[in-house]
Every structure is written in C-alpha cells, then in structure tokens.
Peer 1: 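Have a look at this one before I ask anything.
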Amino acid sequence: MKQFSALAFASVFSFFSLPAQAALFTNPADLPSKNYDFIVIEAGTAGSAVASRLSEDLTKKILVIEAGVDDTGNLNVEVPFFAPLAGRTAVDWNYMTVTQQGLNGRSITGFVLGGSSAINFLEWTLGSQDYYNKLASITGDLGWGWASMQRFFKRVSKLLPPTDNPTITPNEIPTSNGNGPLDVNLSNFDLEPDQHVFTTAKGLQSSAHAHLRRFKYTIDMNGGNTIGFGYNQVTARDDVCTTSATAYLHPALQNRQNIDMVINTRVTSVEVATSKGGAKPTFTASKEVILSAGTIGTAQILLLSGIGPQADLGSKTIVNAPQQKCPDHPLLSLFWNVSSNCAYGDALRDPAVQSAALNEWFATEGCSVIPLSMCWASCVSLNPSSLRPNAPNTELIFVDGFVPDATNPLPATGHFMSIICAVVSLTSVGSITLPSTSSDTFTQPNIDYNVLGTDFDVQAMLQAMKDAETFVSSKIGGVNQFTKDGYLRSEFGDFASAKTDAQRIAFMRAHADTIHHPVGSARMGSAASGGSDGAVDSRLRVKGVKGLRVVDASVLPIIPEAHTAAAVFTVAERASDLIKQDNGISSGSPSHSPVPSAHSPLPPPPSNQHNGHGHHEES
C-alpha cells in the first residue's frame, strides 16, 4: 500500500532556534518556530497527557495546537457543582446531532466528547478487566489487556482517601490507584441517598434470589469486576476539579522550556487557522503529528485531510479508510419525590443560594461546601454468566437532586432523588460524516449516534428502568431502606404514569439522551480482518500515512462499559510509551512537576502570551 506522509500536509521548514521558555500563545504567528519534533493537535484529556509525557525528553520540541480557550480561573471548569453550567459556553463545542430516529426524531446536544476531563461530572471509572481483555483480543495486541495495562492505570492517578467520612472504613479504601499526577478521591461526606443504597446493596448480595444478588456492594469499582453498587472515585481534590490540564499540561508549561502551545486556533488537514477564511500558517513535525481532537474532532480532521471512505470523499480521497462509526451511551433520568432539605435543587433554581455556596467555596478554598452531584454509581449485568461476566450492561446513577435536561426542566418547587439509567454495553452504532465535500473545520460534521437504534438497547434500557424500581422497593430484613425514615415518597413526572412496557418504551424515546461518551470514529483495526476494518493499527498509527498517529477515545473499537475519561487517560499513557519506542526515546520518565491548586492563579504571562489551556475533548 502506498504510504503518504503527514509531514507533506504541513509543509517542511528548517528549525532554527528554541524559545527562552515554554509558553502558551494566542496567535500562531507569534510562535517562535514553525518546526517541532512533535505536534499535538488539541489539548483535551489525551492530548495534554501525551504532550506532557513527550516533553519529558528536554531535547525534543513539542507544539500543542488547541482550538479552545484559557481554562485558568474559569469557575465552570474548577467548581464541581458547576459541571451542568458548562454546556453551551466557551469551553463547550456546542455540537448537535442529526435527528435521532430512536428518539422520535429529536436532535440532542453533542456536548463534550469522549469524557472531557474539564467539564464532565468527574466520574473516575476504568471499566472492567473483561473490557481490556476484549481490546487485546480484537486487536491481537496483548498490550491492551488488563494485566498489561495495570502499569498505565497506576501511572495516571493518585487516590486521596477521605479525611472525614466515617462511613468509609479503612478496608473500603480502593487499591487500584498508583502515584500519578491526577488526584482523585472518594466523597468526604455522604449525600442523602448514599446509605439507603449501600445498606440495600449489602443486604441483597446474600439474597436467595440470583436476580437480586446482582445488586451487590462493590468496594473498588476499578478493581476489574464492575458489577455492583459502590462509591465511585471522582477527579477532584479539596472540592476543586482536577483535569488533564491541571495534572499534566500546566506543570509542563510552567517547568519545561521545550513545549509551546497556541490556543484559539483550529486545525484544518494539519493546517491551522484562527478564523474562517483567515491566514493558514503551516507547521511541521520532524517525527510525528499526534491527533487528539476527540471522537468527533478527530474524525472530522481526518475526513478533511482526505482520510476516509472513498465513497464519501470522492476525488478528495488520499487514503481510503473505513467509515467513521461511533456509539454513545444512552441515558434516561427517572425521578422520585423525597422528603429532604437538600440544597442542590435550590441552588439550581436560586442564584442567591448558588452565590452563597460559591462564596463559601472561595472562603474555604474549595472544601466540601458544594456537593458533587454524582459521586457514586452502580453497574448491573443483565447476564452475569455471559462471556464478559465482570462487565455490566447497564448503569444506575443515584443523584441527590433533580437532574434537569431539555425534556425534563427543573420543577419550580420540591426536592427530588434522580436515578440515571444508562446502557453501557450497547449494540447501536452511529457515524460521523461531512455535510459536503466542500466542508471545512468551522462547519459542524454530521453526528449520528443512532441512539436506541437496536432492539437490544431498547430492551436493556427497559430492564434498567425495572431494576431501578426493583432496587428502591427491595426490603432488607423486612424493612425498605428508602422509605423507613420517610425519605422516598413517590415517583415524579411522566415516569410515574408509564406502567406498561409499551408506555415505558414511549417514555424513553421521548426523554432519553446520551452521557456524551462517543468513541470509535478512528478505531483500531481487528486482527481478524488484518486491520482493514480500522483507521489505525494497534500502535495507533494512521494506516497509509507516515508520521500521523491518533490518541483519544476515537481509537477504541468498542465502547467502555464505564465513564470514558479514565480509559482515555490510560490510552494516552500507553500511547506516550508507544510514541517514544517508535522514535527511539527512552520511556524512563522523570517525576512530574508539582501540580498547582486548580484555582490558584498562574504566574503572569508575557504580554503577547498567556499560561493557560482550553478544553473541549473528553467526559
């Protein structure tokens, strides 16, 4: 097969000098050079991690090109409670899907891609051992298996045990973390539904009925077996969000002189532009271009570069590659009236309550004033004896409050508990295409997740709804843990009147959305096909193109049965090693620079530069 070079797309210039210090620029014309060893396209979850790891070799020059804005001081990024407020702001791509036939023809918000570490809901879930072993089986690369990936799991995160939550005993502290730069923690205090859930789960795990034993209590949700209910780890420290920027990118920019970054700049087929129709300066990488623009952005850039199905691209095809398919986790929120003094709903309704909580957050340097709205979840397998017995089909997320969305506006009054049902092992597959062959990077691609597009996914969501009801109505020792103290009162909204299977399927099609976890648009090819069904090989190199590699959620050939951020961080860590190996760079990494507090101001930048980072890639 003819090999094209990524360097040819970018034009080749000579490299003359190094800048005096690492810096982040707002205009590509101000960059000190047009020639680098590595160029990383987009500084999302994966891109920030890869750029930081590659910059550990101080003899190599790294350029990061980011379309987003500076995240420094952005409260929607720093305050955990504000995650719902980040949508449709400057840190969000504001994508919309095409009409979804499985959702009665509705279009839904594309939101953020693959699990953005900056504006997600902080869930830190790796997925099951079965998932990674399946990746190894599909690709024929044992390096993607659970045992091989352990060192990369531990390289990413460091667990901060809870300091003042007496309900979490020492033997309930997870052991799956290592000593990485990303701080994660367990809740420092229980929210109202927590012990209702855990007491029920601990009672049901010894039930005489097999269908109830699925609802067991699991200490470490990242220990390889993800069936059951348990505390989820979250990406936060002292109630301040930790992200790929705070853990990887900011320390690299502050402490190394060999990494430059430019923001507010979009890439078009490895060219960059600050505005539509604007100048397009070119940059070249002597070793590799790493594309980390997320499942939608990466697919779009590949297509704009002529890498994709010839049937779609026609005469603009440079490399004929498979269609960019992508699934996403469907979700459905169920609501109950509760007897509670929870301030979550009040804060969403009343700016004065929100402002008071935020002022206390500032006064206490982020300590436990604004609760994490989703601090733990459960996964339930519909068939525990299947070929993936440690992997769930569905997830139930208990939320101490009402989770509003486009079809479920926040009620004017009342207190609520939400259960978010999600299908995490699904069979529906969507696609990413260009609206026309004359599209550019400023034109949104056609995004079709095909939500609830198969009968399996519909039936799995229906089972999740029934599981939610079964769980909250179960009795332990003859006592229902949700109603014994008057906490749980009644079902709320359209869900309350949906009793038959047909009514519930109609309800899900009217109200379902996605968790914003699309993957697979530039997936790794399978060993069974000789790799012909994928855009990249198992080392994440774009087939048919020399010097171009993809590192983000788009490379995953199957969707994780988990929130995707942790998987993407881990992919980035392994990819960094692969890049170093393929370019003769030692993978022995020095320690990371100390991570500044996520809401501490960074040193003042030079007049034409600023330290900071915009996020939009991965939840």
Peer 1: So does Ser538 get a backbone contact from the side chain of Trp144, meaning a donor-acceptor N/O pair under 3.5 Å?
Peer 2: yes

Peer 1: Ile559 pairs by side chain to side chain contact (heavy atoms under 4.5 Å, CB included) with which of Pro327, Pro518, Cys326?
Peer 2: Pro327

Peer 1: Indicate yes or no for a side-chain donor-acceptor contact from Tyr131 to the backbone of Ile558 under 3.5 Å, with no hydrogens or angles considered.
Peer 2: yes

Peer 1: Could you pull out the closest heavy-atom pair between Pro560 and Val519, with the gap in Å?
Peer 2: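 Scanning both residues, the minimum pair turns out to be CD-CG1, 4.1 Å.
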
Peer 1: Between atom CD1 of Ile39 and atom CD1 of Ile65, what is the distance when rounded to the nearest 0.5 Å?
Peer 2: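 If we round to the nearest 0.5 Å, Ile39:CD1 and Ile65:CD1 are 5.5 Å apart.
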
Peer 1: Within the 3.5 Å criterion, strictly below it, is a donor on Asn35 or Thr284 matched to an acceptor on the partner's side chain?
Peer 2: no

Peer 1: Please confirm whether the backbone N or O of Leu135 pairs with a side-chain atom of Thr139, one donor and one acceptor, at under 3.5 Å?
Peer 2: yes

Peer 1: Can you name the residues that form a salt bridge (charged side-chain N to carboxylate O under 4.0 Å, His left out) with Arg541, not counting sequence neighbours?
Peer 2: Asp537, Asp582

Peer 1: Answer yes if the side chains of Asn450 and Ser428 hold a donor-acceptor pair under 3.5 Å, and no otherwise.
Peer 2: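 The answer is no; no qualifying pair exists.
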
Peer 1: Looking just at side-chain N and O atoms, do Asp448 and Gln100 make a donor-acceptor pair shorter than 3.5 Å?
Peer 2: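 Short answer, yes.
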
Peer 1: For the side chain of Thr99 and the backbone of Gly105, is there at least one donor-acceptor N/O pair under 3.5 Å apart?
Peer 2: no

Peer 1: So which atom in Thr125 and which in Ala566 form the shortest heavy-atom distance, rounded to 0.1 Å?
Peer 2: O-CB, 3.5 Å

Peer 1: Between Leu426 and Pro330, is any pair of side-chain heavy atoms under 4.5 Å apart?
Peer 2: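 In contact.
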
Peer 1: Are Met524 and Ile138 close enough that some pair of their side-chain heavy atoms sits under 4.5 Å apart?
Peer 2: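 Heavy-atom side-chain distance check fails, nothing below 4.5 Å.
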
Peer 1: Among residues at least two apart in sequence or on other chains, which ones pass ring-ring contact (aromatic ring centres under 6.0 Å, His included) with Phe153?
Peer 2: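 Phe153: ring-ring contact (aromatic ring centres under 6.0 Å, His included) contacts with Tyr132, Trp146.
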
Peer 1: Test Tyr248 against Val50 for side-chain contact (heavy atoms from CB on, under 4.5 Å), laying out the working first.
Peer 2: CA-CA 9 Å; Tyr248 286 91; Val50 169; over 6 Å; no

Peer 1: Say you draw a straight line from CG of Leu63 to CE of Met261; how long is it, rounded to the nearest 0.5 Å?
Peer 2: 9.5 Å

Peer 1: For side-chain contact (heavy atoms from CB on, under 4.5 Å), just list the numbers for Glu573 and Arg151, CA-CA rounded to whole Å, side-chain angles, deciding distance to a tenth of an Å, and then say yes or no.
Peer 2: CA-CA 9 Å; Glu573 285 286 4; Arg151 64 191 181 102; over 6 Å; no

Peer 1: Would you give the length of the straight line joining atom CD of Gln257 to atom CG of Leu58, rounded to the nearest 0.5 angstrom?
Peer 2: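 Separation between the atoms: 8.5 Å.
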
Peer 1: Examine distances only and state if a side-chain atom of Thr295 and a backbone atom of Ser521 form a donor-acceptor pair shorter than 3.5 Å.
Peer 2: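 It does not hold such a pair.
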
Peer 1: Does Leu548 reach the side chain of Ile307, with side-chain heavy atoms less than 4.5 Å apart?
Peer 2: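 They are in contact (side-chain heavy atoms under 4.5 Å apart), so the answer is yes.
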
Peer 1: For the residue pair His329 and His517, does the interplanar ring angle fall in the parallel (under 30°), tilted (30 to 60°) or perpendicular (over 60°) class?
Peer 2: perpendicular

Peer 1: Compare all side-chain heavy atoms of Glu561 with those of Asn393 and state whether any distance is below 4.5 angstrom.
Peer 2: no

Peer 1: Are the side chains of Asp260 and Val64 in contact, using a 4.5 Å heavy-atom criterion?
Peer 2: no

Peer 1: Counting only N and O atoms by type, is there a donor-acceptor contact under 3.5 Å from the side chain of Ser148 to the main-chain atoms of Gly145?
Peer 2: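 Flag not set: sc Ser148 to bb Gly145 has no pair under 3.5 Å.
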
Peer 1: How close do Ser286 and Asp37 get, counting heavy atoms only, and between which atoms?
Peer 2: OG-OD1, 3.2 Å

Peer 1: If I compare all heavy atoms of Gln310 with all of Asn320, which pair ends up nearest, and what's the gap?
Peer 2: N-OD1, 2.9 Å

Peer 1: Is there a side-chain contact (heavy atoms from CB on, under 4.5 Å) between Met96 and Ile447 once you walk through the steps?
Peer 2: CA-CA 7 Å; Met96 291 292 291; Ile447 304 164; over 6 Å; no

Peer 1: Do the non-hydrogen side-chain atoms of Val542 and Val550 ever get within less than 4.5 Å of each other?
Peer 2: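 Of all side-chain heavy-atom pairs linking Val550 with Val542, at least one is under 4.5 Å.
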
Peer 1: Mark yes or no for whether Asn390, through its side chain, and Gly224, through its backbone, hold a donor-acceptor pair below 3.5 Å.
Peer 2: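 Judged by distance alone, no pair lies under 3.5 Å.
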
Peer 1: Of all residues at least two apart in sequence or in a different chain, which pass the side-chain hydrogen bond (donor to acceptor under 3.5 Å, both in side chains) check with Ser157?
Peer 2: Asn177

Peer 1: Kindly determine whether Arg53 and Asp577 satisfy salt bridge (Lys or Arg N to Asp or Glu O under 4.0 Å), including the steps that lead there.
Peer 2: CA-CA 9 Å; Arg53 289 302 190 192; Asp577 270 18; over 6 Å; no

Peer 1: So, using side-chain hydrogen bond (donor to acceptor under 3.5 Å, both in side chains) as the criterion, who are the partners of Ser425 when residues are at least two apart?
Peer 2: none

Peer 1: Testing the basics here: between Ile259 and Ser55, what is the closest heavy-atom pair and its distance to 0.1 Å?
Peer 2: CB-CB, 4.3 Å

Peer 1: Which atoms form the tightest heavy-atom contact between Arg574 and Gly143, and what is the distance?
Peer 2: NH2-CA, 3.5 Å

Peer 1: Hey, what do you get for CD1 (Ile515) to CD1 (Ile420), rounding to the nearest 0.5 Å?
Peer 2: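 Rounded to the nearest 0.5 Å, the CD1-CD1 separation comes out at 7.5 Å.
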
Peer 1: Just by distance, do the side chain of Ser52 and the backbone of Ala49 share a donor-acceptor pair under 3.5 Å?
Peer 2: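 Judged by distance alone, no pair lies under 3.5 Å.
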
Peer 1: So, Ser128 versus Asp130: side-chain donor-acceptor pair below 3.5 Å or not?
Peer 2: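 Not at all, the side chains of Ser128 and Asp130 share no donor-acceptor pair under 3.5 Å.
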
Peer 1: Whether the side chain of Arg509 engages the backbone of Gly102 through a donor-acceptor N/O pair (distance < 3.5 Å, no angle test) should be reported.
Peer 2: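 Pair found, side chain donor or acceptor close to backbone of Gly102.
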
Peer 1: Heavy-atom distance under 4.5 Å between the side chains of Pro435 and Asn446, does that happen here?
Peer 2: yes

Peer 1: CD1 of Ile585 to CG of Asp57: how many Å apart, nearest 0.5 Å?
Peer 2: 5.5 Å

Peer 1: In chain order, what residues pass the side-chain hydrogen bond (donor to acceptor under 3.5 Å, both in side chains) check against Asn583, with sequence neighbours excluded?
Peer 2: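 Once residues adjacent in sequence are excluded, the partners of Asn583 under the side-chain hydrogen bond (donor to acceptor under 3.5 Å, both in side chains) criterion are Glu288.
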
Peer 1: At what distance, to the nearest 0.5 angstrom, does OH of Tyr449 lie from CG of Leu103?
Peer 2: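 Reported value, rounded in 0.5 Å steps: 12.0 Å.
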
Peer 1: How would you list, by chain and number, every residue that makes a side-chain hydrogen bond (donor to acceptor under 3.5 Å, both in side chains) with Gln300, sequence neighbours excluded?
Peer 2: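 Counting only residues at least two positions away or on another chain, Gln300 forms no side-chain hydrogen bond (donor to acceptor under 3.5 Å, both in side chains).
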
